[in-house]
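Notes follow once the structure below has been shown.
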Amino acid sequence: MLLTITTTHHPATDLGYLLHKNPARNQSFNFKFGIAHVIYPVASSDKCTVAVILDIDPVGLVRSKSYQASVYPLEQYVNDRPYAASSFLSVTISKIFGTALNGRCKERPDLANVKLPFEVAISVLPCRGGEHFLRSL
């Protein structure tokens, strides 16, 4: 999953202060369900974009929990978890951007009260025919 947040506020790199993530530094966060990477593909005074790349480990999810045996042995491994925006993304956002969601900005407290233009996008992969595939197993 890919979440991007872009602003054209001037200076746009103020986004880093709001999110408490330095645009010059890539960061990774481990979760029970995978790894989240935070990067800034664009960081200039005119435009700044932060990207959260969530890499869910579906096999690790299955192996870490006690699933009941299924009639279809591969059913637990064939799913849409890595590709669909889900509660995993919600947990990631709340953990990584929790301070920003609470409206706090330690370095620039005045910035938390400024209305900024944002463009937010969540990109997932489309899946067609998955239901038919699961029924055929």
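Side chains included, hydrogens not; waters and symmetry mates left out as well; all remaining heavy atoms used. Since the structure is predicted, the reported quantities are computational estimates derived from the model, not experimental observations.
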Applying side chain to side chain contact (heavy atoms under 4.5 Å, CB included), run through Phe118 and His9 and close with a yes or a no. CA-CA 8 Å; Phe118 288 114; His9 167 77; over 6 Å; no
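- For Phe97, the CZ atom is densely surrounded, since the number of other residues' heavy atoms within 6.0 Å is greater than 12.
- Legend: side-chain hydrogen bond (donor to acceptor under 3.5 Å, both in side chains) pairs involving residues 35-46, not counting sequence neighbours, sorted by first then second residue: Ser28-His37.
- Put simply, the side chain of Lys21 never gets that close to the backbone of Gln27: no donor and acceptor are under 3.5 Å apart.
- Rounding to the nearest 0.5 Å places NZ of Lys47 at 15.5 Å from NE2 of His10.
- Hydrophobic clustering of Ile, Leu, Val, Met, Phe, Trp and Tyr side chains at less than 4.5 Å, counting indirect connections, unites Ile122 with Phe88.
- The CD1 atom of Ile39 lies 10.5 Å from the OG1 atom of Thr4; values are rounded to the nearest 0.5 Å.
- A chain of hydrophobic side-chain contacts below 4.5 Å, direct or via other Ile, Leu, Val, Met, Phe, Trp or Tyr residues, connects Ile96 to Val120.
- Scanning all heavy atoms of the two residues, the minimum distance from Leu18 to Ala100 falls at O-CB, 3.1 Å.
- Atom CD1 of Ile35 and atom CG of Asn30 lie 5.0 Å apart (nearest 0.5 Å).
- The shortest distance between side-chain heavy atoms of Leu15 and Val50 falls below 4.5 Å.
- Residue Cys105 holds its SG atom at 7.5 Å from CG of Asp110, rounded to the nearest 0.5 Å.
- Asp14 is not listed as a side-chain neighbour of Thr7, based on a closest heavy-atom distance of 4.5 Å or more.
- By the rule that hydrophobic residues join a cluster once side-chain heavy atoms approach within less than 4.5 Å of another member, Ile93 and Phe29 end up as members of one cluster.
- His20 contributes a side-chain N or O that, together with a main-chain N or O of Arg104, makes up a donor-acceptor pair within less than 3.5 Å.
- Rounded to the nearest 0.5 Å, atoms CZ (Phe33) and CD1 (Ile56) are 6.5 Å apart.
- Placement of Val42 and Leu3 in two distinct hydrophobic clusters is found when ILVMFWY residues are connected by side-chain heavy-atom separations under 4.5 Å, directly or transitively.
- With rounding to the nearest 0.5 Å, the separation of CG in Leu19 from CD1 in Ile5 is 5.5 Å.
- At a threshold of 4.5 Å between non-hydrogen side-chain atoms, the residues Val52 and Thr92 count as touching.
- At least one donor-acceptor pair under 3.5 Å links the side chain of Asn102 to the backbone N or O of Gly98.
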